[in-house]
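One structure is given here, and the rest of the page talks about it.
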Amino acid sequence: MGTTTLIKSGVVVCGDEAGTVITDGAVFVDGNRIVDVGDTVGVTDRHPAPDRVLDASGKIVAPGFVSSHNHLAFVLFRGMAEDVGAT
């Protein structure tokens, strides 16, 4: 069990297949694991004494986004041709 964090009162975008959005939502995190997601009242009741509380009022709480479009492959070639002169 690590440091616990409650992110509350935000618009939680779950990122699931159903496209779930919780308008007054909360996320409870234990260490680096998301343990609970739901409405603010329910999550707060289930986890009454977190180590840290973040108020996300007026903010969106969403999973991290990864851009994997075609520029991702360019990372493999970064720095390989910088010293090549024009011919």
Side-chain angles (χ1 to χ4, degrees):
M1 199 160 141
T3 302
T4 57
T5 303
L6 174 66
I7 305 168
K8 65 175 190 149
S9 304
V11 176
V12 177
V13 179
C14 295
D16 58 1
E17 289 183 17
T20 305
V21 175
I22 306 168
T23 55
D24 182 14
V27 177
F28 185 78
V29 181
D30 185 354
N32 63 355
R33 294 188 56 159
I34 296 172
V35 176
D36 197 0
V37 176
D39 63 279
T40 295
V41 173
V43 174
T44 303
D45 287 348
R46 290 188 294 275
H47 308 280
D51 297 319
R52 179 170 60 167
V53 177
L54 302 175
D55 185 357
S57 297
K59 296 176 177 58
I60 295 173
V61 181
F65 295 103
V66 176
S67 173
S68 62
H69 69 287
N70 62 356
H71 294 279
L72 186 61
F74 296 156
V75 172
L76 299 172
F77 303 108
R78 187 178 294 153
M80 292 183 72
E82 290 180 44
D83 297 327
V84 177
T87 57

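- Cluster membership check: Leu54 does not share its hydrophobic cluster with Val11, using side-chain heavy-atom separations under 4.5 Å among Ile, Leu, Val, Met, Phe, Trp and Tyr.
- Closest non-hydrogen pair, Ile22 versus Cys14, comes out as CD1-SG, 4.1 Å.
- With Asp36 contributing its side chain and Val43 its backbone, the two residues share no donor-acceptor pair below 3.5 Å.
- Looking at Val12 and Val21, their side chains never come closer than 4.5 Å, going by heavy atoms from C-beta outward.
- Phe28 CZ to Thr44 OG1: the interatomic distance, rounded to the nearest 0.5 Å, is 10.0 Å.
- Note: the hydrophobic cluster containing Leu6 does not contain Val37 (ILVMFWY, side chain heavy atoms under 4.5 Å, direct or indirect links).
- A distance-only check finds no donor-acceptor pair linking the side chain of Thr3 to the backbone of Gly31 [under 3.5 Å].
- Taking each heavy atom of Thr4 and Ala49 in turn, the nearest pair found is OG1-O, 4.4 Å.
- For the atom pair Thr5 OG1 and His47 NE2, the distance stands at 12.0 Å (nearest 0.5 Å).
- Although no hydrogens or angles enter the test, the distance criterion places no donor-acceptor pair under 3.5 Å between the side chain of Thr40 and the main chain of Lys8.
- Under the 4.5 Å side-chain heavy-atom criterion for ILVMFWY residues, a single connected hydrophobic cluster contains both Val61 and Ile34.
- For the residue pair Gly15 and Pro63, the shortest heavy atom distance occurs at CA-CG, 4.4 Å.
- In this structure, CG on Asp39 lies 10.5 Å from OG on Ser9, to the nearest 0.5 angstrom.
- Panel note: side chain Asp30, backbone Gly2; a donor-acceptor pair is recorded below 3.5 Å.
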